[in-house]
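Here, residue 1 is the first one in the sequence, and each next residue gets the next number.
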Amino acid sequence: MDKEMNPANGDADPNGRSRAGSDQNDRKSDGAVKIFDTTLRDGEQSPGASLTSAEKLELARQLAILGVDIIEAGFPAASPDDLEGVRRIAATVGTEQGPVIAGLARTSHDDIDRAWEAVREAAKPRIHCFIATSALHMERKLGLTPAEVLSRTVETVGYAASLCRDVEFSAEDASRSDPAFLAEVLEAAIASGATTVNIPDTVGYALPQEYGALIANLIAQTPGAGDVIWSVHCHDDLGLATANTLAGLQAGARQAEVTINGLGERAGNASLEEVVMALYTRRGAQRLSTAVNTRHLARSSRMVSHYTGMVVPPNKAIVGANAFAHEAGIHQHGMLQDRRTYEIMTPQTVGAEGSRLVLGKHSGKHAVRQRLEQLGIDVPEASVGELFRAFKALADRKKTVTDADLRALVTDEVQIEDALYELVDLQVSCGRPGLSTATVRLSCPGGHERVAASVADGPVNAAFRAIDSLLETPNTLIEYAVHGVTAGRDALGEVTVRLAPEDSVDEGNTTSFGGYGADTDVIAASAKAYLSALNQLIAANGLQAVASAAVMTEDYRSVNSPS
Ligand code: KIV
Ligand code: ZN
């Protein structure tokens with residue numbers, strides 16, 4: 001087996017650092033890749049993601065703990081607020097041992113002055129200036145000739161270098177630029193004092209082999225190439241940002257510009273966690289390393305998601321909720337024998353909680369048995385088959401079978417009955433505390449419908465009370481949980497509830513009933529989950545719950561409750 005395929009290698013370093021003991025200032029060290037994090041600049045340009053300056057400062061602290069080499073803290077010329085935000089990061093996070101702090105600037109003296117003002121307090125400041133070099137951008141966006149772009153580059157990179165000894169130059173839309181002109185501009189930038197030159201695939205257009213060849217050719221042919229660090233900056237419009245970044249690094253670039261969770265303009269930038277873990281996990285094949293402490297990846301991802309409100313898709317590589325979750329029976333069985341069958345890195349390496357065997361309709365007996373063992377539940381061998389059949393029946397009804405469900409199955413509490421009552425309609429209005437109202441319309445056994453309304457201190461509570469007034473099945477809610485199952489504004493909310501017959505909990509009786517509901521409206525999902533649990537309680541009690549017509553007015557009842 002290829003040595004690097006053995007995840008034990010991936011975990012050999014107890015600090016989870018992907019370049020233990022490396023000297024971050026050793027720019028020429030062959031395989032050392034600098035991680036330039038632009039979450040706070042390009043990442044914040046992600047539609048819908050904006051950060052307060054306090055949040056940016058917290059994230060910058062976390063990025064320093066993560067071990068990135070350079071933090072692009074913002075675009076100081078964008079607003080006085082941005083300038084002040086970058087200045088605070090430079091002054092507090094940009095310590096001697098900390099990362100380089102960079103500020104972005106267009107090729108104008110004014111922008112460069114502001115960028116310098118913002119980063120100068122850092123122990124290691126950097127001015128990052130950029131101008132577009134593709135014919136399309138020069139002509140249609142900037143209204144400049146190639147000669148004007150060239151002279152601006154010389155003039156402004158020279159000016160930036162007179163202020164700051166660390167200057168990065170980016171040729172925006174480089175991958176769609178004429179390669180000969182691009183090389184000419186880069187040569188001029190290097191001669192004018194740039195210490196890092198960056199080759200952005202600004203619109204995520206390049207293919208990995210093209211991008212790799214572009215970087216290799218530029219390094220081979222640009223005079224002065226050996227005096228600077230070559231940098232890659234890839235966007236994800238075709239889902240190729242990580243692949244292109246790796247291709248550029250394999251071609252000789254030694255700085256990768258990335259963002260946490262792949263945040264960024266349009267489809268985003270190359271994701272830091274993907275690039276770092278691809279280098280780490282496959283280091284045998286690439287001989288490249290970073291100084292990132294991989295064990296802080298999961299936490300960094302959560303912080304960025306929390307502060308920006310940009311939800312991480314469950315199937316996102318490295319940091320998604322499902323990155324270390326296994327549902328299929330065959331996979332779960334493999335994981336139980338040897339986790340390397342289905343995991344190429346351990347969750348601990350990226351700071352995630354642990355592998356999860358999710359119990360659902362694809363799960364097999366092995367996984368159910370293992371979970372029961374973990375829960376300390378002893379099931380006689382003879383009962384395992386029957387229990388597993390009940391598990392499958394439940395899993396067909398619910399997306400995920402929880403530990404509470406499993407316990408209930410063992411004590412024979414889950415009844416798979418056809419729904420007695422179903423939610424037909426729900427209307428809520430939320431107001432001040434105590435003034436939320438909910439009106440529910442339920443279809444009842446026998447085919448008729450009932451309507452009820454209730455007032456409570458929150459819309460979910462009001463919906464539950466309205467349902468209670470119709471079903472008259474006293475119960476105690478012992479578990480209520482809401483999960484987002486998809487991302488975006490139209491995300492599907494998943495609610496699980498567990499309830500017990502009233503008073504049974506106090507009396508030490510642990511019989512309980514689980515319900516599940518999913519809807520784009522979490523209050524509707526809650527009402528569905530509550531009803532599904534109540535249906536089971538009613539079926540178990542053999543109760544013929546008589547739906548009372550508890551409604552607001554006589555007229556309302558007569559119009560809405562044909563019986
Ligand atoms: O994508 C891009 O071209 C950029 C530059 C400003 C570096 O973000
Ligand atoms: Zn960009």
Nearest heavy-atom pair of [X] and [Y]: which atoms, and what distance?
| X | Y | value |
| --- | --- | --- |
| K124 | G98 | NZ-O, 2.5 Å |
| V232 | A253 | CG1-CB, 3.7 Å |
| V93 | A60 | CG1-O, 3.7 Å |
| L186 | A171 | CD2-CB, 4.5 Å |
| T133 | S177 | OG1-OG, 2.8 Å |
| F75 | R106 | CZ-NE, 3.8 Å |

Under a 4.0 Å threshold between the charged nitrogen and the carboxylate oxygen, would [Y] count as salt-bridged to [X]?
| X | Y | result |
| --- | --- | --- |
| E72 | R126 | no |
| R87 | E84 | yes |
| D237 | R266 | yes |

Using a cut-off of 6.0 Å, state whether more than 12 heavy atoms not belonging to [X] lie near its atom [atom1].
| X | atom1 | answer |
| --- | --- | --- |
| L136 | CG | yes |
| E139 | CD | no |
| E353 | CD | no |
| F181 | CZ | yes |

Identify every side-chain donor-acceptor pair in residues 149-158 under 3.5 Å, counting partners at least two apart or on other chains, and give the distances.
residue, atom, partner, partner atom, Å
S151, OG, E148, O, 3.2
T153, OG1, V149, O, 2.7
E155, OE1, H109, NE2, 3.1
E155, OE2, H109, NE2, 3.1
T156, OG1, R152, O, 2.6

Please confirm whether the backbone N or O of [Y] pairs with a side-chain atom of [X], one donor and one acceptor, at under 3.5 Å?
| X | Y | answer |
| --- | --- | --- |
| N244 | D201 | no |
| S305 | R302 | no |
| D236 | A241 | yes |
| T222 | A225 | no |
| S53 | G85 | no |
| Q286 | Q250 | no |
| R254 | K34 | no |
| E257 | T38 | no |
| S271 | E274 | yes |
| E172 | I131 | no |

Any luck finding a side-chain donor-acceptor pair between [X] and [Y] under 3.5 Å?
| X | Y | value |
| --- | --- | --- |
| H362 | Q332 | no |
| S355 | H326 | no |
| D338 | T341 | no |
| Q255 | S231 | yes |
| D173 | S134 | yes |

Inset, instruction - Report the C-alpha distance between R114 and E117 in whole Å, list the side-chain angles of each, state the deciding distance to 0.1 Å, and finish with yes or no for salt bridge (charged side-chain N to carboxylate O under 4.0 Å, His left out). - result: CA-CA 5 Å; R114 283 167 206 238; E117 189 187 336; over 6 Å; no
Legend entry - Option passing side-chain contact (heavy atoms from CB on, under 4.5 Å) with I35 (candidates L63, I71, D69): D69
Inset, instruction - Pick out which of V319, T39, V68, L59 makes a side-chain contact (heavy atoms from CB on, under 4.5 Å) with I260. - result: T39
Inset, instruction - Tell me, with the steps shown, if S363 and E327 meet side chain to side chain contact (heavy atoms under 4.5 Å, CB included). - result: CA-CA 6 Å; S363 301; E327 207 210 66; 4.1 Å; yes
For a 4.5 angstrom cut-off between non-hydrogen side-chain atoms, does [X] reach [Y]?
| X | Y | result |
| --- | --- | --- |
| I199 | Y211 | yes |
| H128 | F36 | yes |
| S50 | E44 | yes |
| L297 | L66 | yes |
| R176 | H137 | yes |
| R282 | I344 | no |
| S300 | Q62 | yes |
| Y307 | V304 | no |

Legend entry - Inter- and intrachain pairs under ring pair (Phe, Tyr, Trp, His ring centres under 6.0 Å), touching residues 334-361, at least two apart: H331-Y342
Legend entry - Interatomic distance, L246 atom CG to L288 atom CG [nearest 0.5 angstrom]: 8.5 Å
